[in-house]
S.K.: 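Take a look at the following structure, please.
Please read these numbers as outputs of a predicted model, since none were measured by experiment.
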Amino acid sequence: MLPTFDPRDTEAGSRILEDITSSAGHIQEQVLEEILTKNASTNYLKGFLNGYSDKELFKNKVPLVDYEDIKIYIDRIALDGEPSQILTNDSITELLISSGTSGGKQKWIPKTAEEGERRAFFFCLLATVQNRYLHGLNDGKALFFVLISPDTHTPGGLVLRTTTASEIKNRKDRYPQVIFCEDTNQSLYSQLLCGLVQRDEIASIGTFFASGLLRIIKFFEEHWQEMSSNIRTGQMSDWITDPKCKRAVSLILSKQIPDLADSIDLVCQEKSWEGIIKKIWPRTKYVQAIITGSMAQYIPALEFYTGRLPIVSPAYVSSEACFGINLKPLCSPYDVSYTLIPNMAYYEFIPIGNHQDPNCTNSKDAHLKDHIVDLANVKIGQHYELLVTTCTGLYRYRMGDVLLVTGFHNITPQFKFVQRRNVVLSIDTDKTTEQDLQNAVTIAMHILEPLGFFLLDYSSYADTSSIPGHYVLFWELQLRSNDDFPVLDQVKMEKCCSLVEQSLDLQYKMLRNQSNTIGPLEVRVVKQGSFNVLMDFYVSQGTSLNQYKTPKNIKSEKAIEILDSRVVGKFYSREVPNQDS
Ligand code: AMP
């Protein structure tokens with residue numbers, strides 16, 4: 001049973017947080033027991049446990065799985081309309097579309113009513129933490145951007161929607177009408193317009209992921225003149241036809257407000273958009289968006305646009321379960337740790353170290369199983385991949401997220417979100433991970449930063465169409481000033497390519513160096529807005545805008561074509577990397 005409390009009651013919430021983090025081991029045992037007792041008779045678990053619900057048997061017999069391993073069960077429920085009891089004894093009420101890997105491939109994750117309650121509990125705890133540490137939040141309004149895509153149904157009759165849509169549609173009364181508009185452009189335009197009209201009341205601004213917030217800033221850059229004109233005339237643009245948007249805006253924008261339009265024009269016409277968020281919404285105290293893991297690449301861009309307002313990275317959540325809360329929401333975006341909430345799911349941890357290959361994709365590997373630890377036995381300073389067992393039918397499911405234990409709150413571990421486990425680039429025996437690539441790109445950008453550039457977004461693929469194959473990185477660069485984009489300095493760009501190579505691991509350097517198995521790394525600079533077009537492409541394929549994460553490895557030929565058709569400069573490494581450094 002989950003404790004209940006009013007999320008506005010900060011003291012009660014804090015007490016519960018202290019209680020559960022002081023008895024995390026015990027709670028975890030209870031969670032596993034409940035899941036097994038309830039689900040031992042499902043087809044899936046029966047195959048391994050013969051109907052028993054013994055916890056040790058579970059740890060010995062139930063294999064570690066990736067989504068691909070259980071897809072066949074989910075498809076039977078989703079596509080063939082077989083009963084949920086294949087996987088879980090609770091009825092599956094919806095399937096959540098997860099972006100999951102940053103590879104852009106969708107997963108369908110079961111949701112049950114009980115999972116809905118767990119999520120509600122998690123968000124109450126999160127509200128407690130925010131009320132406690134983010135002072136002044138309630139002195140104004142929160143401008144939190146939410147975009148919802150339309151529901152679809154599986155052939156088996158289940159509703160298919162994103163995690164955000166599920167949360168919001170199940171608690172309709174709590175949210176403003178405007179966010180229920182399913183046309184992204186109309187919805188975003190209207191949300192921004194409402195935010196502009198109430199400019200002086202906004203105390204915080206946010207959305208789910210940092211990449212989403214940048215996308216919103218870009219949208220604002222493209223539409224501010226039109227919005228300002230709407231405010232000046234008191235009339236919303238004709239292309240906003242959605243009744244929910246029209247109603248919501250008309251309640252807020254009911255008359256001409258020329259003074260406000262003038263002041264918006266003044267700010268937006270400034271030569272640089274540095275600090276634009278703070279200038280447009282001067283009372284904003286915090287910006288909220290997940291900024292850890294692969295989102296860390298956006299920190300410089302967000303700091304630029306927000307004028308270094310505190311960035312709050314609130315939680316570690318996914319379609320599979322809600323995992324952790326940042327108990328120090330005002331810490332530096334580089335220092336965020338999440339405290340695991342012990343009653344959300346049963347957690348296990350695969351240590352990643354010398355004897356473990358984080359990229360081992362053989363889920364049934366007994367070798368991995370031998371080293372797994374539970375929540376009570378994780379060690380500070382050790383990296384782990386998270387495994388979850390949930391009440392929704394996921395058993396020993398590999399999240400693919402790599403976490404570093406940074407400390408404990410009471411006896412509950414706290415983690416830094418490091419990266420996803422996946423290899424993004426591979427040629428021959430080289431395996432470059434998302435984190436390797438991010439580190440290398442960050443180092444290489446030191447060459448361009450003094451010239452006034454920051455990297456708005458990047459991606460990559462292994463081009464094996466010629467021999468030797470080589471890695472290609474797509475970079476979208478942005479200038480800090482509003483000056484015209486200069487011609488890129490060939491020598492400096494080539495230096496960037498070499499620095500990326502120099503920062504990759506020894507295996508890469510050996511293959512590049514000695515055997516010429518990998519050719520010189522290439523950076524293709526794409527024109528402004530290219531990554532937005534890429535996002536639109538993935539969204540058109542069914543990815544949720546709120547959950548979108550730029551794929552760091554592009555597999556789709558169409559996606560590569562989209563970026564390739566926007567390349568403004570190609571540069572190659574001219575030096576072979578030094579293996580000794
Ligand atoms: P989705 O199911 O589409 O919401 O994606 C969930 C995935 O998003 C997780 O498995 C993580 O890889 C990523 N994610 C969620 N929260 C965070 C966070 N706080 N920091 C970094 N990555 C996150």
Side-chain angles (χ1 to χ4, degrees), residues 7-10 13-14 17 122-147 164 167-168 174-176 179 188 191-192 194-220 264 267 273-293 295-317 322 324-339 409 414 416-417 454 546-547:
R8 287 163 302 185
D9 187 345
T10 308
S14 302
L17 193 59
F122 181 92
F123 287 110
C124 279
L125 281 184
L126 181 60
T128 295
V129 174
Q130 306 226 319
N131 287 335
R132 186 157 162 200
Y133 295 104
L134 302 182
H135 301 293
L137 266 191
N138 298 329
D139 300 345
K141 294 187 176 176
L143 178 57
F144 196 89
F145 296 95
V146 179
L147 297 167
T164 324
E167 163 64 20
I168 285 173
R174 292 203 192 162
Y175 297 94
I179 65 173
L188 190 48
Q191 291 181 48
L192 267 164
C194 291
L196 284 177
V197 177
Q198 302 175 86
R199 185 180 169 201
D200 289 322
E201 295 169 56
I202 304 296
S204 68
I205 288 188
T207 190
F208 299 93
F209 285 99
S211 54
L213 202 53
L214 289 172
R215 159 85 179 202
I216 290 161
I217 294 167
K218 270 273 161 262
F219 185 90
F220 181 49
I264 291 169
V267 172
W273 266 38
E274 185 157 9
I276 191 77
I277 296 274
K278 205 151 98 179
K279 290 177 187 162
I280 288 285
W281 290 282
R283 289 185 54 208
T284 310
K285 294 194 174 68
Y286 315 102
V287 171
Q288 182 163 316
I290 289 172
I291 197 76
T292 44
M295 294 292 143
Q297 64 166 303
Y298 304 111
I299 296 174
L302 265 196
E303 286 183 338
F304 174 78
Y305 286 116
T306 63
R308 299 193 166 267
L309 279 167
I311 303 173
V312 175
S313 190
Y316 167 31
V317 293
C322 296
I325 294 181
N326 174 4
L327 299 186
K328 291 188 183 147
L330 287 177
C331 70
S332 148
Y334 296 98
D335 295 333
V336 175
S337 282
Y338 300 102
T339 302
H409 182 75
Q414 299 179 300
K416 232 178 191 174
F417 187 102
F454 59 83
N546 294 316
Q547 289 159 243

S.K.: Got a sec, which residues hit ring-ring contact (aromatic ring centres under 6.0 Å, His included) with Tyr305, two or more places apart in sequence or on another chain?
M.R.: none
S.K.: Would you be so kind as to tabulate the donor-acceptor pairs closer than 3.5 Å made by side chains of residues 123-137, with sequence neighbours excluded?
M.R.:
| residue | atom | partner | partner atom | Å |
| --- | --- | --- | --- | --- |
| Thr128 | OG1 | Cys124 | O | 3.1 |
| Asn131 | ND2 | Ala127 | O | 3.3 |
| Arg132 | NH1 | Ser14 | OG | 3.2 |

S.K.: Is there any salt bridge (Lys or Arg N to Asp or Glu O under 4.0 Å) pair reaching into residues 324-335, and which pairs are they, with sequence neighbours excluded?
M.R.: none
S.K.: Taking side chain to side chain contact (heavy atoms under 4.5 Å, CB included) as the test, write out the residues that go with Glu274, two or more places apart.
M.R.: Ser272, Phe304, Arg480
S.K.: Enumerate the residue pairs fulfilling salt bridge (Lys or Arg N to Asp or Glu O under 4.0 Å) with a member in residues 197-217, sequence neighbours excluded, ordered by first and then second residue.
M.R.: Lys141-Glu201, Arg215-Asp536
S.K.: Which residue pairs pass the salt bridge (Lys or Arg N to Asp or Glu O under 4.0 Å) test with at least one member in residues 298-317, sequence neighbours excluded?
M.R.: Glu303-Arg308
S.K.: Which residues satisfy the side chain to side chain contact (heavy atoms under 4.5 Å, CB included) test with Ser211, sequence neighbours excluded?
M.R.: Phe209, Met295, Tyr298
S.K.: Go through the structure and list residues passing side chain to side chain contact (heavy atoms under 4.5 Å, CB included) with Ser337, not counting sequence neighbours.
M.R.: Thr406, Gln414, Lys416
S.K.: With Phe144, which residues qualify under ring-ring contact (aromatic ring centres under 6.0 Å, His included), at least two apart?
M.R.: Phe208
S.K.: Who pairs with Gln191 by side chain to side chain donor-acceptor pair (under 3.5 Å), at least two apart in sequence or on another chain?
M.R.: Ser187
S.K.: Tell me the salt bridge (Lys or Arg N to Asp or Glu O under 4.0 Å) pairs involving residues 278-287, sequence neighbours left out?
M.R.: Glu270-Lys279
S.K.: Run the side-chain hydrogen bond (donor to acceptor under 3.5 Å, both in side chains) test on Thr292 and Tyr334 for me, step by step, so that the C-alpha distance in whole Å, both residues' side-chain angles and the decisive distance to 0.1 Å come before the verdict.
M.R.: CA-CA 8 Å; Thr292 44; Tyr334 296 98; over 6 Å; no
S.K.: Kindly write out the residues that satisfy salt bridge (Lys or Arg N to Asp or Glu O under 4.0 Å) with Glu167, not counting sequence neighbours, or none if the list is empty.
M.R.: Arg171
